[in-house]
Amino acid sequence: MSTDTLGRLNAAQRAAVAFGAPDGEGRWRSGPLLVIAGAGTGKTTTLAARVAHLCLNGVAPERILLLTFTRLAAREMTQRAEQSVAAARQAQSAGARTGAAARVDWAGTFHALAARFLRHYHQSLGLEESFSVLDRGDSADMLDVERQALGYHKSRERFPQKATCLDIYSRTVNAQCPLAETLAAHFPHFVQWHDELKALFAAYVERKLAQQTLDYDDLLLYWYYLVEDERIARDISAHFDHILVDEYQDTNRLQADIIRRLRPDGAGLTVVGDDAQSIYGFRAAAVENILDFPTQFPGATVIKLEDNYRSTQEILDTSNALMLDATRSYQKALRAARGAGQRPRLVTVEDEQEEAHYLCEQVLERREQGVRLWHQAVLFRNSRHTLRLEVELGKRDIPYVKYGGLKYLETAHVKDVLAVLNWAENPRNELAAFRVLQLLEGIGPATARKACDALAAAAGDFAALDAVAGLPAGGRAGWDATSKLMQDLVSAPWPGQMERVLAWYQPLLERRYDQAFPREGDIEQLAQLANDYPSRRAFLTELTLDPPSASGDLAGPPHIDEDYLVLSTVHSAKGQEWDTVYLQHFSDGTFPNEFAAGDPHKLEEERRLAYVALTRAKNRLVLVNPLKYFVPQQPKLGDRHVYGSKSRFLTERVLATLEQGHWSSRQDEQPAWRRDLRVDLKDRARAMWR
DNA sequence: ACTAATGTCCTTTTT
DNA sequence: GGACATTAGT
């Protein structure tokens with residue numbers, strides 16, 4: 001059997017991996033299984049090993065459905081599983097043929113797999129197979145069109161902005177609850193707009209259907225509608241012997257409903273997660289999904305992984321202390337299998353500039369100690385706070401990659417090029433059409449509208465563009481070139497289409513943007529990326545569902561082989577680990593975010609977020625707290641710098657686990673240093689007698 | 001009809 | 001410091 005896959009695991013991990021038993025035909029079967037995996041307890045290893053175990057025990061790899069939170073996680077898990085299957089087979093048949101490789105094809109995010117199922121069943125849903133997927137920006141823009149059409153934008157009282165409208169819509173869909181509830185619970189200041197929002201969303205839905213465009217939420221929603229039908233649910237479900245779901249604590253109502261539809265009895269269902277790491281409440285994630293799993297699936301087995309293989313005991317002490325302050329107990333105390341190390345440090349610095357200095361110094365010093373840059377990460381709550389750091393890193397020639405926040409795909413020029421491809425793929429996509437046409441000299445909304453109407457009348461034949469009348473005198477040449485390009489793209493083979501688009505776009509780029517040069521580079525990179533995809537459709541869909549900057553695919557840094565420092569939002573850092581972790585801007589207002597201050601639930605989510613950040617570190621953890629920081633609100637009140645207060649998460653219990661200090665680039669700055677130290681002693685002296 | 005320029009409000013995290 | 005709406009100018 002698969003002793004090799006099981007060999008290096010501890011007892012709990014092994015139980016999770018081998019849960020179940022072979023049936024009469026030698027295929028592995030199991031009932032519902034919930035694995036509670038604390039931070040750093042080998043969750044990925046265990047899940048990958050379970051997949052490998054299944055493959056080695058009679059389950060065909062194509063009969064495994066693996067749902068993950070990011071594409072990166074899917075890739076990592078399938079690769080690991082495939083490797084251990086290959087290794088085990090080789091060991092078994094020493095030297096002989098190793099059999100077919102185990103390729104787990106049905107692995108990916110809920111959204112990516114939803115797109116696959118929807119294209120497959122498009123006829124049953126009355127969708128066209130070529131439907132487009134809208135990213136957040138596109139969705140917001142489309143909502144904005146409706147918002148203006150309905151005249152809400154010029155109300156006397158503030159109507160929510162397009163992005164906020166999308167948040168409200170998205171939350172309502174994902175939580176599957178009435179709009180009134182969403183508003184009351186999460187957007188109380190907008191309850192007055194209930195009826196208008198309802199009308200807005202109705203119009204939005206109509207427009208999406210008319211244009212055959214789906215937003216992120218539609219992918220889940222339509223997948224749910226799909227499996228609501230008994231026959232289709234059975235049809236899909238019959239394709240899979242096992243369904244495994246990662247990061248179950250961050251699934252929302254809709255996702256859980258889909259799983260229930262596919263596996264009403266929980267047969268062959270494995271879910272893995274950690275309630276202490278639930279950090280996607282803002283996206284309507286329902287931590288109840290994991291907490292109530294045993295009730296939802298009676299007879300479910302629960303296995304807890306509690307031995308932490310990642311961090312030193314000191315780092316876990318701080319993390320555990322943080323969670324002891326949580327209002328709800330998670331009954332979890334991580335134990336370090338690795339033993340002791342250095343205490344985590346809490347360092348105050350004067351302001352944000354000093355913070356950037358300090359981080360650079362520390363990173364370089366650590367590198368001197370032999371820790372490569374890519375084993376170090378700076379984590380932050382919000383990407384705006386990294387600007388100074390990025391400048392400082394640039395000055396000192398320290399290479400870095402940034403995950404989360406920075407949006408390569410959302411820059412105007414990249415969106416322009418993608419809009420052309422999107423329009424070619426789906427002529428009904430008016431959002432793309434308007435974007436493309438308005439790039440042309442002398443073409444505004446009115447002319448674009450005419451073009452779209454002509455196109456619709458011609459059933460999407462781009463030749464109809466030639467007949468559009470009333471163009472401005474100077475615009476004819478550009479218009480004809482565009483029309484020709486679109487007609488070419490419909491029939492041209494995919495390789496080479498990007499070149500045509502670039503040739504067309506080049507002059508527009510120069511006319512439109514001041515610094516055309518760096519933008520050209522971005523576009524060329526996009527063209528490179530396009531080569532990796534087999535078709536235009538695959539390129540567009542996967543790009544929106546898995547943007548390069550978020551998953552860690554190239555596109556950002558010039559040379560990925562070189563050593564580089566990692567900058568990441570805490571959210572994007574989920575599931576990752578580094579030797580050294582610096583947590584930037586650890587002060588009240590950022591950690592927790594001021595937005596969360598009033599709401600106990602949000603505050604707890606912020607705490608879990610901090611917990612996720614702390615538990616990323618293996619050997620060294622540094623929290624940096626600037627005493628003075630920039631507050632963008634309240635303009636024109638003199639100095640907009642404000643002395644912030646210490647994070648409320650730094651209770652005496654937590655502080656007791658930390659080593660504290662102050663850092664300054666100017667050696668003569670004694671006062672701040674003394675002030676800080678005095679506070680420290682007070683806290684400790686009190687703590688001793690509590 | 002389209003473009004450029006000015007004024008006002010808000011500022012998280014992501015598939 | 002940026003997004004978005006409105007206004008003035010071509």
Side-chain angles (χ1 to χ4, degrees), chain A residues 67-74 108-115 133-137 139-141 144 147-148 152-155 158-164 166-167 170 174 214-220 247 250-252 254-255 278-285 379-385 387 403-405 407 409-410 412 437-438 440-450 470-475 511-512 541-547 549-551 568-574 585 589-596 602 605-606 608-610 612-613 630-635 640:
Chain A
L67 292 155
T68 58
F69 199 71
T70 62
R71 172 92 63 177
L72 188 69
T109 63
F110 271 89
H111 293 85
L113 288 166
V133 180
L134 304 176
D135 66 18
R136 254 190 85 81
S139 308
D141 286 345
D144 204 39
R147 195 172 63 130
Q148 305 221 15
Y152 297 154
H153 60 296
K154 50 184 169 193
S155 332
R158 262 212 313 284
F159 193 79
Q161 297 228 23
K162 62 180 184 182
T164 312
L166 183 60
D167 284 343
S170 187
N174 281 295
L214 275 65
D215 62 26
Y216 287 137
D217 308 320
D218 289 333
L219 292 171
L220 296 184
E247 307 281 11
D250 284 322
T251 53
N252 58 40
L254 207 45
Q255 291 166 320
S278 156
I279 54 174
Y280 278 89
F282 68 92
R283 228 171 72 183
L379 305 186
F380 42 87
R381 175 68 180 84
N382 109 27
S383 56
R384 196 158 43 92
H385 286 139
L387 275 176
Y403 296 102
K407 272 130 203 160
L409 283 182
E410 285 174 23
L437 292 173
Q438 291 188 61
L440 303 173
E441 179 101 60
I443 307 299
T447 319
R449 177 76 264 157
K450 270 195 276 183
L471 300 174
R511 183 175 76 84
R512 223 176 148 73
T541 305
E542 299 198 14
L543 212 56
T544 26
L545 294 178
D546 183 35
S549 63
S551 72
S568 172
T569 58
V570 180
H571 283 90
S572 299
K574 189 164 87 159
H585 226 293
T590 309
F591 258 114
N593 190 294
E594 57 197 331
F595 228 30
K602 287 187 184 162
E605 180 153 313
E606 295 289 314
R608 295 193 294 268
L609 192 61
V612 168
F630 188 71
V631 184
Q633 291 103 322
Q634 309 138 357
R640 285 198 274 167

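All values reported here derive from a predicted model rather than from experimental measurement. All heavy atoms count here, side chains included; hydrogens, waters and symmetry mates do not. The chains referred to below are lettered A, B, ... by the order of the sequence lines, with proteins before strands, and numbering in each begins at 1.
- Judged by ring centres under 5.5 Å apart and planes tilted less than 30 degrees, A:Phe69 fails to stack against the six-membered base ring of B:dT15.
- Among the protein residues, A:Thr447 comes within range of the sugar-phosphate backbone only, with heavy atoms under 4.0 Å from sugar or phosphate atoms but none that close to a base.
- Phosphate proximity of B:dT14 to A:Ser572: present, with a side-chain N or O under 4.0 Å from OP1 or OP2.
- For the pair A:Phe159 CZ and B:dC10 P, the computed distance is 14 Å after rounding to whole Å.
- Using a 4.0 Å heavy-atom criterion, one finds that A:Leu220 contacts no nucleic acid atom at all.
- Side-chain nitrogen and oxygen atoms of A:Thr569 include at least one within less than 4.0 Å of the OP1 or OP2 phosphate oxygen of B:dT14.
- When rounded to the nearest whole Å, the span between CG of A:Asn252 and P of B:dT14 equals 17 Å.
- Remark: the separation of the P atoms in B:dT13 and C:dC4 is 15 Å, to the nearest Å.
- Nucleic acid contact class of A:Phe110 (heavy atoms, under 4.0 Å, all strands): none.
- Counting only heavy atoms from C-beta outward, the side chains of A:Leu220 and A:Asn252 approach each other to under 4.5 Å.
- Nearer the 5' end of DNA chain B, as judged by each residue's closest nucleotide, is the contact made by A:Thr164, out of A:Ser170 and A:Thr164.
- At a threshold of 4.5 Å between non-hydrogen side-chain atoms, the residues A:Leu67 and A:Gln255 do not count as touching.
- When rounded to the nearest whole Å, the span between CG of A:Leu219 and C1' of B:dT14 equals 14 Å.
- The closest side-chain heavy-atom distance from A:Tyr216 to A:Asp135 is below 4.5 Å.
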All N/O pairs under 3.5 Å across the protein-nucleotides 4-7 of chain C interface:
from  : atom 1 : to       : atom 2 : distance (Å)
C:dC4 : OP1    : A:Lys162 : NZ     : 3.0
C:dA5 : OP1    : A:Arg147 : NH2    : 2.5

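- Out of B:dT12, B:dT15, B:dC2, the shortest distance to the side chain of A:Pro445 is found at B:dC2.
- Looking at heavy atoms from C-beta onward, A:Asp218 lies out of side-chain contact with A:Val133 at the 4.5 angstrom threshold.
- Between A:Ala448 and A:Thr70, the residue anchored nearer the 5' end of DNA chain B, judged by the nucleotide with its closest heavy atom, is A:Ala448.
- Side chain of A:Asn174 to main chain of A:Asp217: no donor-acceptor pair is present (N/O by atom type, distance under 3.5 Å, no hydrogens or angles).
- Rounding to whole angstrom units, CZ of residue A:Arg283 and P of B:dT14 are separated by 9 Å.
- Here A:Asn382 lies in heavy-atom contact (under 4.0 Å) with sugar-phosphate atoms only.
- A salt bridge links A:Asp167 to A:Arg136: one of the charged nitrogens lies within less than 4.0 Å of a carboxylate oxygen.
- Paired with A:His571 under the rule ring pair (Phe, Tyr, Trp, His ring centres under 6.0 Å), one option of A:Phe69, A:Phe282, A:Phe380 passes, and it is A:Phe282.
- What separates CG of A:Asp167 from P of B:dT12 is a distance of 10 Å, to the nearest Å.
- Counting to the nearest Å, the P atom of B:dT15 and the CG atom of A:Leu214 are 18 Å from each other.
- Whole-Å rounding puts the A:Leu166 CG to B:dT13 P distance at 15 Å.
- Salt-bridge formation is not detected for the pair A:Glu605/A:Lys602: no Lys NZ or Arg NE/NH1/NH2 atom is positioned less than 4.0 Å from an Asp or Glu carboxylate oxygen.
- Atom P of nucleotide B:dT3 and atom CG of A:Leu437 are separated by 12 Å, given to the nearest angstrom.
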